[in-house]
Amino acid sequence: MSTQSVAVVGLGAMGSALARAFVAAGRPTTVWNRTAARAEPLAAIGASVAGTVEEAAATDVTVVCLLDSAAVEEVLPRLAGSGTVVVNLTSATPEQSRDLARRAAAFGLAYLDGAIMVPVPLIGTPQAHVLYSGDRELFERHRGTLLDLGGEAEHLGADPGLAALYDLGMLDVFFAGMTSFLHASAMLGADGVTARTFLPYAERVLDVLRGSIAGLAGQVDADSHPGDEDNLTMDLAALAHVVATSESRGVDPVVPRLSHDLTRAAVEAGHGRDGYSRIVTVLRGA
Ligand SMILES: NC(=O)c1ccc[n+]([C@@H]2O[C@H](COP(=O)([O-])OP(=O)(O)OC[C@H]3O[C@@H](n4cnc5c(N)ncnc54)[C@H](OP(=O)(O)O)[C@@H]3O)[C@@H](O)[C@H]2O)c1
């Protein structure tokens, strides 16, 4: 089988990293960017520079990595009729991804959606992780090319919205964790404890959290929320301490207050003897 050629459309921070990884893997690589100057560093390492999107799409696979779905929507019609396989790695909502998949099909384009789960420096390394969704057979046919990006290329299912959905779930957990750490740093910092001093203790909690969310997952799926090891009434008392300690130091308690108020709502709804997984039913509005 001949080596597949690839184009990268969009040379922002991430698109440039993707293009560098393809070039580093020895893949015939063409690049295009709206602002042409951003292609120059890629040309310097051996990429071909296309003058137009249409020219870039004369490749087997076109990886699209733009600012947002609106930008992809603008570019998509220009790929129509090229015969290239479009792999869209632009972040989106599941609805936007499904809509782009429909539009691509209307243009006669083979289309895979994807989400990049690592920052720029990890592209092309064993730590890279990219999620894909859409036609599995199409993914399998191009997996070798996509693995030039390093690490893991994971196909989640035929629904083109799945990569975006998992991406957003992971971002949900990621940002909540970062915001909580920053809140705790501000709260302890008010008493002179530096963030670095507190860091190993936060890391210990993360180790505990790994086991805790595994337990929550089973309980959420079983819709069973036993409170035999910990219960919401006890959790509410602990969360009230966090909120009070934050307030008394002039640190906005918005982060612990969120958990506090969800827990209080569950207790007020009569679930005080249940475990923390009961919060999922409050979030669902049940
Ligand atoms: N950077 C990261 O760490 C990271 C991590 C995971 C996922 N991602 C995702 O990767 C995607 C790209 O991110 P990035 O960091 O590369 O962003 P970026 O540096 O801001 O680059 C945005 C790119 O989109 C292009 N663009 C914007 N509007 C356009 C339009 N209407 N038509 C054509 N091109 C257009 C820009 O072209 P110009 O140069 O002409 O402005 C540029 O190439 C995003 O969806 C982002 O969420 C990024």
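In each ligand, atom 1 is the first atom listed, and ligand 1 is the first ligand listed.
Residue pairs meeting the side chain to side chain donor-acceptor pair (under 3.5 Å) criterion with at least one member in residues 37-58, sequence neighbours excluded, are E54-R78.
Checked for salt-bridge contact, D207 and R210 miss the test: no charged N lies under 4.0 Å from a carboxylate O.
Residues Y111 and L138 do not share a hydrophobic cluster, clusters being chains of Ile/Leu/Val/Met/Phe/Trp/Tyr side chains in contact below 4.5 Å. Linking Ile, Leu, Val, Met, Phe, Trp and Tyr whenever their side-chain heavy atoms come within less than 4.5 Å puts L283 and L236 in one cluster.
Protein residues having a heavy atom under 4.0 Å from any atom of ligand 1 are G10, L11, G12, A13, M14, G15, N33, R34, T35, R38, C65, L66, L67, A71, E74, T90, S91, I116, V118, P119, V120, listed by chain and number.
Checking Y276 against D230 by side-chain atom types alone, no donor-acceptor pair falls below 3.5 Å.
Residues A104 and L76 approach most closely at N-CD2, 3.9 Å, considering heavy atoms.
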